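In this chain, residues are counted from 1 in sequence order. In listed order, ligands and their atoms are each counted from 1. For clarity, every value in this text was computed on a predicted model and none was experimentally measured.
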Amino acid sequence: MTSFGANEIAQFRRDGYSIVRNLASRPLCEQLLLLAQRHLAARIGPLEYEADVKYPGAPAALDAPGGRTVRRLLRAYARDPLFGHWATSPAIGDRLRQLLGPRVELSPAHHNCIMTKDPSYGSSTGWHRDIRYWSFEKPELVSVWLALGREHYQNGCLLLLPGTHNMEFSPERLDAAQFLRSELEENRNLLRTQTAAELEAGDVLFFHSRLFHAAGQNETAGTKYSLVFTYHAADNRPLAGTRSASLPEVMIADSPDEAVIPERSCGV
Ligand SMILES: O=C(O)CCC(=O)C(=O)O
């Protein structure tokens, strides 16, 4: 199946996410994982370090112990055609058209990375909406998160608050960095509804840019790898002058014959 069924679309609209099991084949995941591991071992940039984000559990500075722990291998789309072909594949594009409309583009400015969660120095991420720092005409984007290995509670899988993409939050419920304030009773009640997006290699989580999510630290022995891209309708433009408009969008062709070949010019 290269498309969502009616129930899956209804679930996405209601909960703000949908998980498709086994969307990427095992051999493809193995290839993508090997490539990601090679890029991580060789420290191929651009990189984001845990010390850059300063989230709980991250090293305090680049020169602190573990300070060069990588959080993200950035610009995944242009790093290697293998990443680019996955990002523009019909398995994703056909489903995104069902969610976003007939013409879909990838935003190279957001996610567009391999998330790496290190067992020793990987940080946890508080409850947030990705859209908080993104600037588009409409807050309607979908991120596509491919697990390259098993993701579960112990290694810091994503945690989701179903339905929050449709909710309004008064500014007092968020801190200065727009994370949910977990000390507030109202927020604590909401946090009881959380669900863990536990995935096996090849499973894909589609989630809305307004959906609150978080993740814990990696308490296992192995690094967790996830390949993540973000998409929007072609007529939902990034706002001029913002980070969201800093790189040219990538059109997602609606037939394999028109497949877009990754351009080196927009990345590494
Ligand atoms: O894996 C994590 O710690 C969370 C990543 C995340 O939510 C994000 O980068 O927006």
Side-chain angles (χ1 to χ4, degrees), residues 15-19 33 36 40 46-59 66 69-77 83 87 106-136 139-162 164-165 169 174-175 177-180 182 190-191 194-201 203-220 222-232 243-244:
D15 296 336
Y17 73 94
S18 178
I19 293 173
L33 178 61
L40 181 61
L47 304 171
E48 178 184 70
Y49 294 104
E50 288 286 1
D52 295 332
V53 294
K54 299 186 170 47
Y55 287 167
T69 302
V70 172
R71 176 181 172 86
R72 288 184 170 136
L73 302 168
L74 299 168
R75 307 277 180 93
Y77 173 75
F83 295 133
L106 179 152
S107 169
H110 299 303
H111 284 316
N112 185 18
C113 70
I114 299 108
M115 303 253 185
T116 56
K117 188 163 280 200
D118 180 83
S120 307
Y121 296 102
S123 58
S124 62
T125 306
W127 291 101
H128 67 283
R129 290 169 146 166
D130 286 339
I131 197 68
R132 72 200 190 289
Y133 299 139
W134 299 356
S135 309
F136 287 79
E140 299 293 327
L141 293 92
V142 175
S143 293
V144 177
W145 178 293
L146 167 63
L148 298 182
R150 188 159 178 245
E151 303 200 8
H152 50 117
Y153 199 82
Q154 290 72 20
N155 70 354
C157 72
L158 278 195
L159 307 171
L160 313 171
L161 292 179
T164 48
H165 65 306
F169 287 78
L174 307 173
D175 69 16
Q178 303 213 38
F179 289 100
L180 265 187
S182 52
L190 183 64
L191 293 182
Q194 72 180 262
T195 181
E198 295 199 311
L199 307 173
E200 299 294 330
D203 293 349
V204 176
L205 167 70
F206 291 74
F207 67 104
H208 196 286
S209 55
R210 280 172 50 88
L211 186 73
F212 271 99
H213 58 285
Q217 285 179 269
N218 183 351
E219 285 159 9
T220 67
T223 300
K224 179 168 79 60
Y225 293 81
S226 329
L227 181 56
V228 190
F229 294 101
T230 295
Y231 304 83
H232 58 89
R243 181 178 150 219
S244 299

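Taking Tyr55 as the reference, Phe179 meet the ring-ring contact (aromatic ring centres under 6.0 Å, His included) condition, with sequence neighbours excluded.
Between His128 and Asp130, the side chains place a donor N or O and an acceptor N or O closer than 3.5 Å (distance only, hydrogens not considered). A donor-acceptor pair shorter than 3.5 Å cannot be found between the side chains of Thr220 and Gln154. For the 3.5 Å distance criterion, the side chains of Trp145 and Glu151 qualify, holding a donor opposite an acceptor.
Using a 4.0 Å heavy-atom criterion, the residues that approach ligand 1 are Arg71, Arg72, His111, Met115, Lys117, Thr125, His128, Asp130, Trp145, Leu158, His213, Ala215.
Ring planes of His208 and His165: tilted class, angle from 30 to 60°. Using cut-offs of 30° and 60° on the angle between ring planes, the pair Phe136 and His232 is tilted.
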